[in-house]
Amino acid sequence: MSKRRSGDRVNDGEATQSKRTKTTGHWSMGLLQTVDDPQFFTKADELVNVIKDKYPKAKFHYLIMPKAKIASLKSVTSEHVSLLKHMEEVALGIISSDEHKQSTFKLGYHAEPSMARLHLHVISDDMNSECLKTKKHWNSFTTDFFITSEDIRHNLDENGRVVLPSRDVCKRYMETPLRCHKCDVKPKNMPELKKHILTH
DNA sequence: GTTCTAGAAC
DNA sequence: GTTCTAGAAC
C-alpha cells in the first residue's frame with residue numbers, strides 16, 4: 001500500500017474539482033456565482049447585491065457587493081465614495097431587521113481579500129459558527145486585518161484611495177496568538193477558543 | 001476561499 | 001494513540 005502525500009488527490013476529488021473549475025472559473029471568482037444562487041442571494045438594489053456568506057463565520061454573515069466590476073479595495077478611488085457609503089447604509093438596513101435584533105454586528109473589509117469583487121462583510125459578533133475553523137479565520141475578523149467600513153471611508157477621504165497594510169503586516173495579523181475578541185482570555189488552540197466564546 | 005492530510009503537539 | 005495545525009492544490 002503506497003502512502004499518500006498532502007498534494008495527492010483521492011477518489012473523484014480531482015475530477016470533480018477540474019470539472020467545476022472549467023464551468024465556473026477559478027475559486028477566487030466564487031462570489032460572482034453565489035449571487036446567482038437563490039440559496040444565498042438575499043437582496044439587491046440598483047447598485048449592490050447582498051448574499052449570505054457560503055461559509056458563515058458567525059450566526060449571521062452577509063456580503064454586500066457592488067454590481068460594478070470593482071475588483072477590490074485596491075481599485076477603489078474617490079469616485080467610489082458614495083458607493084462605499086451606500087454599501088454601508090445597505091448593511092445598516094439589514095442589521096436593523098427584527099431577525100437580527102438579538103445580535104450586534106461588525107461592518108468591514110478584509111485587508112487582503114481572497115475573493116474577487118469588492119465585498120463588505122456584515123457579521124454578527126458572536127463568531128459562533130461551524131465554518132469558523134482556523135486561526136486564519138479567527139484573526140481575519142478579530143485583528144486589524146478586519147478594517148471597519150467607517151475606517152475605510154475615512155481612509156479614502158483622506159488619501160483619495162485606500163491605503164492598506166503591507167503584505168508583511170497582514171501576515172503578522174494572521175499570526176497573532178489566539179485571543180478572545182470580548183475578553184482577555186487566550187485559549188491555547190481553536191477548539192478551546194470555540195468553547196470559550198460560547199460563555200459570552 | 002475550502003479540502004485534505006502529514007507531521008507536530010499533546 | 002489521538003488531536004490539532006499548517007501548507008499544497010498546476
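Since the structure is predicted, the reported quantities are computational estimates derived from the model, not experimental observations.
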Find the distance [X]:[atom1] to [N]:[atom2] and express it as a whole number of Å.
{"X": "A:Leu132", "N": "B:dG1", "atom1": "CG", "atom2": "C1'", "value": "14 Å"}
{"X": "A:Leu178", "N": "C:dA6", "atom1": "CG", "atom2": "C1'", "value": "13 Å"}
{"X": "A:Lys54", "N": "B:dG1", "atom1": "NZ", "atom2": "P", "value": "15 Å"}
{"X": "A:Met190", "N": "C:dC4", "atom1": "CE", "atom2": "C1'", "value": "11 Å"}
{"X": "A:Met65", "N": "B:dG1", "atom1": "CE", "atom2": "P", "value": "14 Å"}
{"X": "A:Trp138", "N": "C:dT5", "atom1": "CH2", "atom2": "C1'", "value": "17 Å"}
{"X": "A:Lys136", "N": "C:dC4", "atom1": "NZ", "atom2": "P", "value": "21 Å"}
{"X": "A:Glu130", "N": "B:dT3", "atom1": "CD", "atom2": "P", "value": "12 Å"}

If we check ring-ring contact (aromatic ring centres under 6.0 Å, His included) with A:His181, which of these qualifies: A:Trp138, A:Phe146, A:Phe141?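 Output: one option passes, namely A:Trp138.
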
Using a cut-off of 4.0 Å on non-hydrogen atoms, how would the nucleic acid contact of [X] be classed: base, sugar-phosphate, or nothing?
{"X": "A:Pro113", "result": "nothing"}
{"X": "A:His119", "result": "nothing"}
{"X": "A:Lys57", "result": "sugar-phosphate"}
{"X": "A:Lys133", "result": "sugar-phosphate"}

Dot-bracket notation for DNA chain B is requested: 5' to 3', Watson-Crick or G-U wobble pairs only, both distances under 3.5 Å, with ( ), [ ], | and . as defined. .|||||||||

Could you tell me whether the side chain of A:Thr104 and the main chain of A:Asp125 form a donor-acceptor pair under 3.5 Å?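 Flag not set: sc A:Thr104 to bb A:Asp125 has no pair under 3.5 Å.
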
Side-chain donor/acceptor of A:Arg153 to backbone N/O of A:Thr148, under 3.5 Å: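 No; judged by distance alone, with no hydrogens or angles, the pair does not exist.
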
Side chain of A:His137, heavy atoms from C-beta onward: which of B:dG1, B:dT2, C:dT5 has the nearest atom to it?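 Selected nucleotide (nearest to the side chain): B:dT2.
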
Which of parallel (below 30°), tilted (30 to 60°) and perpendicular (above 60°) describes A:His196 and A:His200?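 Correct class here is perpendicular.
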
Apply the test salt bridge (Lys or Arg N to Asp or Glu O under 4.0 Å) to residues A:Lys171 and A:Asp168: give CA-CA distance (whole Å), side-chain angles for both, the deciding distance (0.1 Å), then the verdict. CA-CA 5 Å; A:Lys171 193 180 169 204; A:Asp168 275 11; over 6 Å; no

How about A:Lys59: does its NZ atom have over 12 heavy atoms from other parts shown lying under 6.0 Å from it?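 No, NZ of A:Lys59 has 12 or fewer neighbouring heavy atoms, counting only those of other groups under 6.0 Å.
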
Can you tell me how far apart NZ (A:Lys133) and CE (A:Met190) are? Round to the nearest 0.5 Å.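 Nearest 0.5 Å value for the NZ-CE distance: 11.0 Å.
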
